[in-house]
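Only one structure is covered here, and it is reproduced in the block below.
Note that this is a predicted model, so its numbers are computed, not measured.
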Amino acid sequence: MTKAPVLPDGKVVAQAVNATGNREVEIRGGIKAGPLSVLVNCQGKGTLTISVEPIGLSFPLECVDGEVSSTFNQLALKRARDHGTVNVTAPSQVRWALTVGQ
């Protein structure tokens, strides 16, 4: 988890690498209208929960020992928000990395 997931398209607006436990990551410049991509990798036994506020997007990722689990979610937003955060809830034994792009 020493590298963040690679965004296939757009500009990186938030990133975290080699993280454990719970964390809030600010989306720089707020959330713009258009596609919002969230890529997450994790390793270790447990379930990671990712939520994007104030949009209300929330999804789990089941992480396992000995291999990297990944997910990619994209949402098309009709309007911009002045502020945005990605909240990750994770057990302390799970290492994770994320990239958010627009």
Side-chain angles (χ1 to χ4, degrees):
M1 298 306 108
T2 57
K3 291 185 178 181
V6 177
L7 185 67
D9 193 21
K11 176 183 162 194
V12 173
V13 293
Q15 212 163 41
V17 294
N18 209 23
T20 57
N22 301 341
R23 185 173 303 179
E24 181 177 279
V25 181
E26 184 173 349
I27 297 174
R28 294 185 300 271
I31 301 172
K32 296 171 180 46
L36 175 74
S37 303
V38 182
L39 296 87
V40 185
N41 293 341
C42 67
Q43 189 172 25
K45 186 168 174 49
T47 302
L48 206 71
T49 303
I50 301 97
S51 63
V52 182
E53 299 303 334
I55 298 168
L57 171 68
S58 180
F59 56 92
L61 176 59
E62 195 62 39
C63 309
V64 295
D65 278 330
E67 65 182 74
V68 176
S69 300
S70 300
T71 189
F72 172 85
N73 282 280
Q74 187 173 59
L75 196 62
L77 302 173
K78 292 183 179 180
R79 64 181 183 88
R81 275 73 167 187
D82 292 338
H83 179 75
T85 57
V86 178
N87 300 300
V88 178
T89 306
S92 60
Q93 70 272 16
V94 174
R95 291 187 325 136
W96 56 270
L98 76 82
T99 299
V100 179
Q102 282 215 281

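A heavy-atom distance below 4.5 Å is not found between the side chains of Val38 and Phe72. You'll find the side chain of Thr71 stays beyond 4.5 Å of the side chain of Leu39, heavy atoms only. Proximity of Pro5 to Val40: side-chain heavy atoms (C-beta onward) are nowhere separated by under 4.5 Å. Counting only heavy atoms from C-beta outward, the side chains of Ser51 and Val86 never approach each other to under 4.5 Å. Residues Leu48 and Thr89 are not in side-chain contact: their nearest non-hydrogen atoms beyond the backbone lie 4.5 Å or more apart. Between Thr20 and Ser92 the shortest side-chain heavy-atom distance does not fall below 4.5 Å.
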Can you give the donor-acceptor pairs under 3.5 Å from side chains of residues 22-36 to other protein atoms, not counting sequence neighbours?
{"unit_1": "Asn22", "atom_1": "OD1", "unit_2": "Ala90", "atom_2": "N", "d": "2.9"}
{"unit_1": "Arg28", "atom_1": "NH2", "unit_2": "Val12", "atom_2": "O", "d": "3.2"}

For residues 60-68, please give each side-chain donor-acceptor pair under 3.5 Å, one per line with the distance, not counting sequence neighbours.
{"unit_1": "Glu62", "atom_1": "OE1", "unit_2": "Thr47", "atom_2": "OG1", "d": "2.6"}
{"unit_1": "Glu62", "atom_1": "OE2", "unit_2": "Thr47", "atom_2": "OG1", "d": "3.3"}
{"unit_1": "Asp65", "atom_1": "OD1", "unit_2": "Lys45", "atom_2": "N", "d": "3.3"}

Pairs of donor and acceptor atoms involving the side chains of residues 76-84, under 3.5 Å and at least two apart or interchain, shall be tabulated with distances.
{"unit_1": "Arg81", "atom_1": "NH1", "unit_2": "Arg79", "atom_2": "O", "d": "2.8"}

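Here Gln43 contributes atom CD and Arg95 contributes atom CZ; the two are 5.5 Å apart, rounded to the nearest 0.5 Å.
Listed by first then second residue, pairs satisfying disulfide bond (SG atoms under 2.5 Å apart) with a partner in residues 73-102 number zero, not counting sequence neighbours. Residue pairs meeting the disulfide bond (SG atoms under 2.5 Å apart) criterion with at least one partner in residues 68-102, sequence neighbours excluded, do not occur; the list is empty. Listed by first then second residue, pairs satisfying disulfide bond (SG atoms under 2.5 Å apart) with a partner in residues 66-102 number zero, not counting sequence neighbours.
Panel note: side chain Trp96, backbone Gly21; a donor-acceptor pair is recorded below 3.5 Å.
Residues satisfying the side chain to side chain donor-acceptor pair (under 3.5 Å) test with Glu53, not counting sequence neighbours, are none. Applying the side chain to side chain contact (heavy atoms under 4.5 Å, CB included) criterion to Gln93, with sequence neighbours excluded, gives Pro91. Every residue meeting the side chain to side chain donor-acceptor pair (under 3.5 Å) condition with Gln15, not counting sequence neighbours, appears here in chain and number order: Thr99. Not counting sequence neighbours, Asn87 has no partner by the side chain to side chain donor-acceptor pair (under 3.5 Å) test. Considering only residues two or more places apart in sequence or on other chains, Ser70 meets the side chain to side chain donor-acceptor pair (under 3.5 Å) condition with Asn41.
Connection of Val17 to Leu98 is not established within any shared hydrophobic cluster, with ILVMFWY side chains joined at heavy-atom distances below 4.5 Å, either directly or through further cluster members.
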